[in-house]
There are 4 protein chains.
Amino acid sequence: MKSKALFFLALLLLTASYQASAQRHEMSIPDIPGYVTLKCDFHTHTVFSDGEVWPTQRVIEAWEDGLDAIAITDHIEYLPHKDFIKTNYNAGWEISQQTAENLNIILVHGAEITRKMPPGHLNALFIKDANELTDPDLMKTVEAAVKQGAFIQYNHPGWKAQEPDGIPKLYPLHKELIAKGWLNGIEYYNDQEYYPLVLDMCRDNKLTVMGNSDIHGVISENYPYPQYTHRPVTLVFAKDRSSESLREALFAGRTAVWYGDEIAGFKEYTEPLFYASIVIDRPFKTDEKNVWFEIKNNSDIPFFLVNGEDGAPKEIDIPAHSSTVIKAGKQFEGKAMKYDVKNIITGNGQILNVSIAVESK
Amino acid sequence: MKSKALFFLALLLLTASYQASAQRHEMSIPDIPGYVTLKCDFHTHTVFSDGEVWPTQRVIEAWEDGLDAIAITDHIEYLPHKDFIKTNYNAGWEISQQTAENLNIILVHGAEITRKMPPGHLNALFIKDANELTDPDLMKTVEAAVKQGAFIQYNHPGWKAQEPDGIPKLYPLHKELIAKGWLNGIEYYNDQEYYPLVLDMCRDNKLTVMGNSDIHGVISENYPYPQYTHRPVTLVFAKDRSSESLREALFAGRTAVWYGDEIAGFKEYTEPLFYASIVIDRPFKTDEKNVWFEIKNNSDIPFFLVNGEDGAPKEIDIPAHSSTVIKAGKQFEGKAMKYDVKNIITGNGQILNVSIAVESK
Amino acid sequence: MKSKALFFLALLLLTASYQASAQRHEMSIPDIPGYVTLKCDFHTHTVFSDGEVWPTQRVIEAWEDGLDAIAITDHIEYLPHKDFIKTNYNAGWEISQQTAENLNIILVHGAEITRKMPPGHLNALFIKDANELTDPDLMKTVEAAVKQGAFIQYNHPGWKAQEPDGIPKLYPLHKELIAKGWLNGIEYYNDQEYYPLVLDMCRDNKLTVMGNSDIHGVISENYPYPQYTHRPVTLVFAKDRSSESLREALFAGRTAVWYGDEIAGFKEYTEPLFYASIVIDRPFKTDEKNVWFEIKNNSDIPFFLVNGEDGAPKEIDIPAHSSTVIKAGKQFEGKAMKYDVKNIITGNGQILNVSIAVESK
Amino acid sequence: MKSKALFFLALLLLTASYQASAQRHEMSIPDIPGYVTLKCDFHTHTVFSDGEVWPTQRVIEAWEDGLDAIAITDHIEYLPHKDFIKTNYNAGWEISQQTAENLNIILVHGAEITRKMPPGHLNALFIKDANELTDPDLMKTVEAAVKQGAFIQYNHPGWKAQEPDGIPKLYPLHKELIAKGWLNGIEYYNDQEYYPLVLDMCRDNKLTVMGNSDIHGVISENYPYPQYTHRPVTLVFAKDRSSESLREALFAGRTAVWYGDEIAGFKEYTEPLFYASIVIDRPFKTDEKNVWFEIKNNSDIPFFLVNGEDGAPKEIDIPAHSSTVIKAGKQFEGKAMKYDVKNIITGNGQILNVSIAVESK
């Protein structure tokens with residue numbers, strides 16, 4: 001009996017006038033007990049090697065994406081723009097420092113040591129001067145980076161251009177670097193690729209699991225809304241939000257990685273991350289056979305629980321920022337239901353096991 | 001130097017397979033000190049009057065939209081479907097109760113008393129039996145509703161079909177109802193319309209400010225993503241999440257209303273809602289002239305601050321789930337900056353004044 | 001050197017004020033030589049059986065989705081709402097006729113004969129009076145429908161509730177119906193399901209390939225933007241846009257079906273549909289080794305070409321309403337490149353083969 | 001009676017695997033009688049002046065946006081990156097030529113002569129060598145550009161940094177340039193700004209109406225989906241799709257400009273553009289009082305018709321790629337309905353008048 005007639009002018013005008021301004025979307029990933037969760041991308045390029053953007057753009061993209069830290073890691077040995085650009089391996093760092101400081105982004109000074117396989121491409125992170133990392137002798141260059149305090153990351157170990165079968169490997173040279181403490185982490189995610197074997201490789205060699213964008217173009221084009229909600233990121237569990245604590249946490253191996261709907265990382269970090277993300281409410285209804293309750297997910301990460309026991313739902317989806325109504329058998333009241341989390345990978349062929357504790361009404 | 005080659009198959013498959021399932025998007029509006037904030041729509045129609053959907057659909061829509069409570073309020077006096085439907089004024093309530101119980105939605109039993117102006121259309125909420133509300137004598141019908149415990153809401157007071165100049169008015173009949181305690185709230189928002197004078201009208205007569213969808217069709221078509229993030233809602237500040245507390249809070253006038261980017265309500269509720277929504281971080285940078293800090297907005301409501309003082313930004317936008325970097329003059333360190341919040345309406349021509357407290361670094 | 005300052009007010013206001021109104025999005029599927037392509041959904045439900053919406057809503061949804069024709073096919077034998085609704089098997093048709101006429105939608109009078117397997121569920125389309133289709137004897141009911149002129153469609157033949165292994169079958173009863181000419185088409189798509197064997201089953205028995213939504217809830221919720229651009233539809237190649245021609249084309253088997261990014265149908269219809277959708281431009285560049293040209297896709301259907309020959313791209317994606325730049329070996333100038341179209345299914349395990357003719361510059 | 005059970009795996013996998021690849025969205029703007037409509041942006045920046053991206057990115061963005069032509073117009077006199085970049089005013093042109101050729105984009109060699117007001121900023125388009133345009137004497141620099149064949153465009157004439165009242169003006173210096181034929185067009189749209197007086201200014205001085213992005217950052221961030229469907233563009237009505245014809249059409253003044261939902265341009269071009277965009281179908285229904293017919297809009301431009309005569313709809317919205325059902329009085333059958341098109345601006349305070357011809361059924 002009511003047709004739409006008037007038009008809510010003032011309101012829509014207001015709406016329209018603010019939508020276009022640049023903004024930072026907070027990435028909702030909870031802290032875990034004892035640590036703050038820093039969202040980081042440790043692998044990006046600019047016009048100073050083979051990237052498409054000016055260094056400040058990388059910092060602005062990081063700010064818009066809700067990141068805490070970003071490394072600019074231009075290639076040392078690959079400079080296709082050199083006819084137009086003055087060669088300065090620190091240019092990305094020098095140009096973007098001020099922007100990072102004003103946007104409260106932790107800027108990590110980095111460079112990509114770009115060699116044939118082995119060892120392939122290595123990112124040196126937390127360096128002081130990239131211009132010292134130019135010795136053709138790989139070991140001398142890595143040593144120079146390590147002397148500056150660098151954390152060394154083995155990039156895209158299964159990249160087919162260097163590893164035609166797509167399977168990441170640790171060659172003798174990598175093992176030598178690991179033995180010296182000169183290799184500290186490996187990328188599980190790089191760009192659109194992932195390398196399932198990297199989790200076990202990191203566990204066996206006490207290395208840190210990394211996940212980064214390796215962006216050359218523009219983030220908003222490579223991860224367009226709404227298909228892609230975020231680039232690959234490394235979640236770092238740090239003592240506080242500072243460059244020093246970030247570096248400490250990386251050397252200590254306290255990370256998990258996130259891309260698409262998938263989290264990968266060791267159980268000691270992914271398990272508390274799961275429990276910090278969800279809230280299991282007290283049951284709102286019971287009858288003689290069943291109990292009904294809600295699980296809320298306050299994070300940006302969806303969780304897909306599978307392999308429910310008899311009497312419990314076989315599968316439970318808890319999408320990001322959503323809640324799910326669970327109807328379970330009365331026998332679970334005051335007890336717990338066991339599940340596997342399909343999208344939290346803890347090792348090669350392993351996924352996280354969790355317990356959903358059901359309170360009494 | 002790296003082109004995209006491999007395709008992250010497992011991940012995308014996982015993503016795709018879960019996006020289509022029905023889900024509840026939590027509406028992120030904070031509680032305020034002493035009260036939980038319930039998100040409610042007290043005005044909806046079904047096929048049992050002139051709506052397009054079966055009653056359970058209204059409950060499912062409410063669940064998907066992150067609401068806490070919904071009233072089905074079919075017209076008593078307007079039944080265009082009666083050749084095909086059996087007349088039963090409680091049908092909406094009877095059919096949807098079970099669905100509401102299983103989805104943990106507070107279902108409010110209601111009906112729309114549909115008369116000429118005055119008094120126009122009145123929603124009776126929290127009734128027991130709509131079949132008793134059919135007396136052609138308006139006062140007898142309202143009295144019957146009140147005896148059942150009803151909260152009476154004056155619907156769309158500026159609807160042009162009944163009020164051609166679009167200006168809401170309180171006629172002698174309305175004043176008589178108010179004097180008897182038989183009129184308890186007025187809609188500020190109805191569908192796409194709003195009535196600016198309602199705020200003062202409610203304050204002067206100690207009535208409750210209401211905002212509802214009056215949906216006849218389908219919510220997802222009338223408020224399509226991504227232009228419209230939500231229907232008009234009444235935010236009710238209740239002692240707990242129960243039907244009784246919801247009713248108590250409505251009679252006590254503890255509400256604000258929200259549509260588009262605009263909040264309307266008395267200062268005593270909108271002010272704590274503003275402060276509960278934002279977090280002002282400690283400054284992350286200072287120099288001799290300025291101080292830099294972030295304001296985070298954890299709610300779904302954006303805030304647009306205007307009329308900044310000298311040395312402070314003239315305007316500050318704090319979009320929903322975003323954070324904003326503020327650069328202000330050193331003189332504000334340890335003090336506060338005064339602003340008006342352009343999109344929080346507290347009365348006719350009045351907007352909320354707030355203080356942004358700046359800590360010392 | 002230029003910062004954004006002014007705000008383009010008039011423009012944005014204009015934009016905002018029109019976005020909310022209901023509108024018909026044209027579905028861009030080209031006609032094929034000799035026929036117009038009608039976009040149809042022959043399987044929908046309303047509150048008059050177990051659906052969630054009033055019949056007019058189905059017509060409005062069809063209009064908004066850019067369809068040409070819709071059938072309302074409420075169950076005859078399954079009436080869960082009968083305590084609240086007066087039983088009238090023609091109600092959907094009676095109620096929605098006027099709306100269809102005013103929106104230029106071809107409304108097909110239908111009903112779903114809802115039996116155990118075999119024969120399972122059968123849609124009778126183009127009937128005159130559903131109230132005559134209530135005989136418990138299936139053959140009598142089908143005969144009554146056929147006498148009214150009905151086209152009989154075998155619905156979701158692999159639906160697990162009736163066919164636990166998910167494999168569609170033709171039982172002796174189906175074969176008897178086919179022999180009498182009382183079974184005329186089978187659903188390849190139903191809702192989110194598809195049945196790969198149906199294409200060959202239709203070819204072998206001279207039946208029509210059908211694809212429909214079987215919608216019970218709301219189209220905009222079940223196929224939400226932006227993940228789902230459309231419901232499953234039957235594309236009917238008709239002599240003109242009329243109810244009579246639509247019926248003639250169905251009996252003649254001139255259809256293809258479309259859901260997601262996939263088209264299924266016999267080569268005689270899918271091949272001209274492919275060629276009518278794309279435009280291959282004259283080469284815009286050549287050198288001694290290669291030729292460059294563009295392929296434009298004017299339809300809503302993307303095409304994914306695979307198995308390119310040596311010297312031609314191995315794969316070519318031509319997204320909907322997009323164009324693709326092709327670089328091919330000089331030897332193809334004035335000749336054609338052979339491809340398989342990965343997303344056009346012509347039979348069990350068969351996909352469409354096409355030729356991309358390359359002009360000389 | 002049917003619940004969703006099976007999951008259409010193959011289909012969704014297929015869908016997912018192709019969405020991320022770069023693609024060109026065709027911009028659907030029809031040609032007009034006698035001319036092809038080229039979509040162009042004649043004002044963009046790169047890292048070689050104060051932009052954020054490498055020149056090839058501008059060409060890729062143009063290709064993705066469905067443009068036909070793009071000019072890179074870095075500042076001559078403003079080089080904030082010069083400590084890191086080798087100064088070469090032709091760098092943008094040299095670097096991006098190959099990419100443009102391979103993507104079939106017409107690349108216009110340009111530069112922005114960046115002076116105080118008057119004359120403010122002037123784009124020299126279709127030049128041969130930007131390194132010759134560095135004389136501090138403005139007239140000498142413009143003369144050098146003109147000798148190279150340049151079309152000279154007066155940029156953002158109401159930009160508040162140079163024109164504090166925001167009102168575009170023609171100073172004596174501009175009039176001198178116009179008299180010599182050294183000033184050929186003026187921007188009506190620049191970035192998010194527009195200058196209403198420019199249309200009359202162009203008509204009075206026989207100059208060309210221009211509309212451009214003046215992009216410094218990234219197109220996909222400045223015009224994010226889905227709020228902004230496109231950047232400001234100049235539509236050029238050219239004899240064919242070539243650089244020479246594009247230049248000829250600009251000098252001949254055959255343009256219109258498009259941003260948001262608004263088109264601006266002289267009636268001789270916007271009127272045929274309107275009629276080429278829509279199709280008025282033969283009536284599909286008549287009764288004794290009314291006639292019903294559809295108007296289809298095949299373009300990306302919505303049209304908002306206002307000021308309908310008695311018996312005709314007061315307003316008609318014809319959204320992009322949509323169709324609208326019109327119900328008009330019988331008296332219009334075989335006649336025409338007069339309207340104003342609210343969003344086609346033909347002069348200061350003037351909008352386009354059109355006739356909607358109604359056929360007989």
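Given the structure is predicted, the values throughout are model-derived calculations rather than measurements. First the proteins, then the strands, lettered A, B, ... as listed; each starts at 1.
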key: Top contributor to chain D interface from A:T87, A:T46, A:D83, A:I219 [non-hydrogen pairs under 4.5 Å]   = A:D83
ask   = Residues of residues 93-103 of chain A under 4.5 Å from chain D (heavy atom pairs)?
value = A:E94, A:I95
message = Is it the case that over 12 heavy atoms from other parts of the model lie below 6.0 angstrom from the NZ atom of A:K82?
response = no
query = Mind checking what makes salt bridge (Lys or Arg N to Asp or Glu O under 4.0 Å) contact with A:D300, not counting sequence neighbours?
reply = none
note = In short, D:E52 meets A:Q57 closest at the heavy-atom pair OE1-N, 3.7 Å
key: Whether over 12 other heavy atoms sit under 6.0 Å from D:K128 NZ   = no
key: Option in D:I85, D:V47, D:V53, D:I60 with maximal non-hydrogen atom pairs under 4.5 Å from chain A   = D:I85
remark   = Highest number of heavy-atom pairs under 4.5 Å with chain A among D:A91, D:S220, D:G51 belongs to D:S220
message = Check the orientation of D:H81 and A:W54. Use parallel for under 30°, tilted for 30 to 60°, and perpendicular for over 60°.
response = parallel
inquiry  = For the NZ atom on D:K327, are there more than 12 heavy atoms of other groups (residues, nucleotides or ligands in this structure) within a distance under 6.0 Å?
reply    = no
message = Can you confirm whether more than 12 heavy atoms, excluding those of D:K86, are under 6.0 Å from its NZ atom?
response = yes
